Amino acid sequence: MVQSASTVLRMRITDTSDLWWKTAVVYCLDVETYLDWNGDGTGDFEGLSHRIDYLAELGITCLWLMPFYPTPNRDDGYDISDYYGVDPRLGHLGDFVEVVRTARDRGIRVIVDLVVNHTSDQHPWFKASRSSRDSAYRDWYVWRDEPPEHPEATAFPGEETSTWQFDEKTGQYYLHNFYHFQPDLNVTNPLVRDEVAKVMGFWLQLGVTGFRVDAVPFFLDTEGVEPGHGQLKNPLEYLKSLHAFLERRSGEAIMLGEVNLARSKQLSYFGGEDADGLTMQFDFIGMQNLFLSLARQDARPLAAALAKRPVLPQANQWANFVRNHDELTLDKLTPKQRDEVFAAFAPDADEQIYGRGIIRRLGPMLLGDPRRIRMVYSLLFSMPGTPVLFYGQEIGMGEDLARGDREAVRTPMQWTHDANGGFSDAPASKLAAPMVSGGYSPEHVNVASQRHDQDSLLHFIRRLVERYRASAEIGWGDFTLLDQPNNSVLAHTMSGDEGRMLAVHNFSAEPAVVTVALYAPDTRFVDLLRDGSVTTDTRGRLDLSLEGYGYRWLRQVGPNEKRLF
Ligand code: GLC
């Protein structure tokens, strides 16, 4: 049931910990590029276990591990050849469990990538499937004599031409929504569905608290499956059965779905009003409009995108992000809007990909302007939802354009100013990925120096994490956009039983004064990101001044206020 604020029981502190994801801080990393402990040039689980304290210091509460399973590694591990193991380059299952245990000890839950739309073509299931039309595994994948008349477009234009690949040996085509070496599993086959549940059960048993579910709409899509090879009446029902399975196995596990679809389709992926589908979804539309707002120095596109979010049942949540490990996709903008964002942040062809995305990180896109970068992160942590960081964002890492495509943002973590940025002792030529060079190289951007600098981005992000975690109304409260006259300013409140917060963000380089008039006279608001407070005038108005790219978080001080500021 959707509950309005008035019908929700007064929130108890235990509610926030039971539905922990509503106020989590998620951090995504790839073990391969985080810290190399054995000196072979590739990051490993042992290295990661030595950085759990760093993550705890940052204050994150949920670690999302990108794929670490055995893989030919042709799509950064999203091409899996064994769902029940750890790629030997990264360690073994024992090392994995050490990481999960250590993280848990520091109050950090671990979620892992569940990539079950497809396997690698090197997976034994696919090798068996393609060996003969009579193989017991034939129906684990989607085979046809001819591609459908109107096949879906490929996810990687320029790299793939079709989503159907002809296989000489058995003379049929198989479906691959992504690369041709990633054949799609056939979820209409009950054996495949059983195996997906088994994979989930396996990792839950090893201590994970859920999954980032890869490519959900593709995974559920059964188009292309020939009649007679089984159909799912309603693929979303399958999602519900996975939810039920998860609930039976764990009281706290989540599914955080990669669903880049229109607003009108999102609620059904959450399971509708019953909230028995995905627990969380990334807000791709919010993210894309955030960049349009930045490009225009106008808050209205973001405001409109947030206003159009479907209202979610209480158990569900949005995952906010400004950048992930893929291209910064702009596919939900109009061509004209997309061109505006390209012109502002990625004017050169080598900064763009697939005609729809950008392969740069935030810092370089914003020309390293600390005011603007901080304003964006302030927004990330104060928009309704749960913030997700991609490793290296906390120190403002840049990208490696020379590497090209999505790999550009997957360079090794920069720990120190030493050789290889302290990532590895191996010769540079042996690294899993080259270090960033130039102005964003480890010499200029690294954890060690920022840890000692109270004014660094790292300290700023830590402060945001701390304030966010102490402000349950951001994750739980009702969201309201405030009317005010500056188009460049986003002003919003989050309010619920936990309290009421007001946040203002200025997308323009020009200072602004924001007048909001929603409150009773003499109501006090405390600044949460700096010293100070403001009180409404006799007409209940507040005048808030903002510098160029300025931001403020304010909490209304209620009667008998007991919270710490
Ligand atoms: C998702 C991942 C991406 C991967 C693709 C195929 O979109 O985020 O990195 O290439 O799925 O698995």
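Ligands are counted one by one from 1 in listed order, and the atoms in each one are counted from 1 as well. Positions are given from 1, in the same order as the sequence printed here. If you're wondering where the values come from, they're calculated on a predicted model, not measured in any experiment.
Of all protein heavy atoms, the one lying nearest to atom 4 (C) of ligand 1 is Asp75 OD2, 3.5 Å. If you check which protein heavy atom lies closest to atom 7 (O) of ligand 1, you get Glu258 OE2, 2.9 Å. Closest protein heavy atom to atom 2 (C) of ligand 1: Asp214 OD1, 3.1 Å. What sits closest to atom 9 (O) of ligand 1 on the protein, heavy atoms only, is Asp326 OD1, 2.6 Å.
Of the N and O atoms on the side chains of Thr42 and Asp36, not one donor lies less than 3.5 Å from an acceptor on the other residue. Side-chain contact, Asn186 with Thr188: a donor N or O sits under 3.5 Å from an acceptor N or O. In this structure, a donor-acceptor pair under 3.5 Å is absent between the side chains of Tyr173 and Ser162. With no hydrogens or angles considered, a side-chain donor-acceptor pair links Glu32 and Asn73 at under 3.5 Å.
Close contacts of ligand 1 with Arg406, meaning ligand atoms under 4.0 Å from a residue heavy atom, involve 3 (C), 4 (C), 9 (O), 10 (O). Taking a cut-off of under 4.0 Å to the non-hydrogen atoms of His118, the atoms of ligand 1 that pass are 6 (C), 12 (O). Close approach of ligand 1 to Phe156 is summarised as follows: ligand atoms under 4.0 Å from at least one heavy atom of the residue are 10 (O).
Under 4.0 Å from ligand 1, not a single heavy atom of Phe219 appears. Contact annotation for Arg410 and ligand 1: only side-chain heavy atoms (C-beta onward) come within less than 4.0 Å of the ligand. If you look at Arg212 next to ligand 1, the close heavy atoms, those under 4.0 Å, all belong to the side chain.
Checked against the 6.0 Å centroid criterion, the rings of Phe156 and Tyr179 qualify as a close aromatic pair.
A side chain to side chain contact (heavy atoms under 4.5 Å, CB included) with Ile108 holds for exactly one of Leu58, Ile60, Thr209; it is Ile60.
Distances shorter than 4.0 angstrom do not occur between any heavy atom of Arg74 and any atom of ligand 1.
Under a 4.0 Å N-O distance rule, the pair Asp75/Arg406 qualifies as a salt bridge. Between Asp76 and Arg410 a salt bridge is recorded (basic side-chain N to carboxylate O distance below 4.0 Å).
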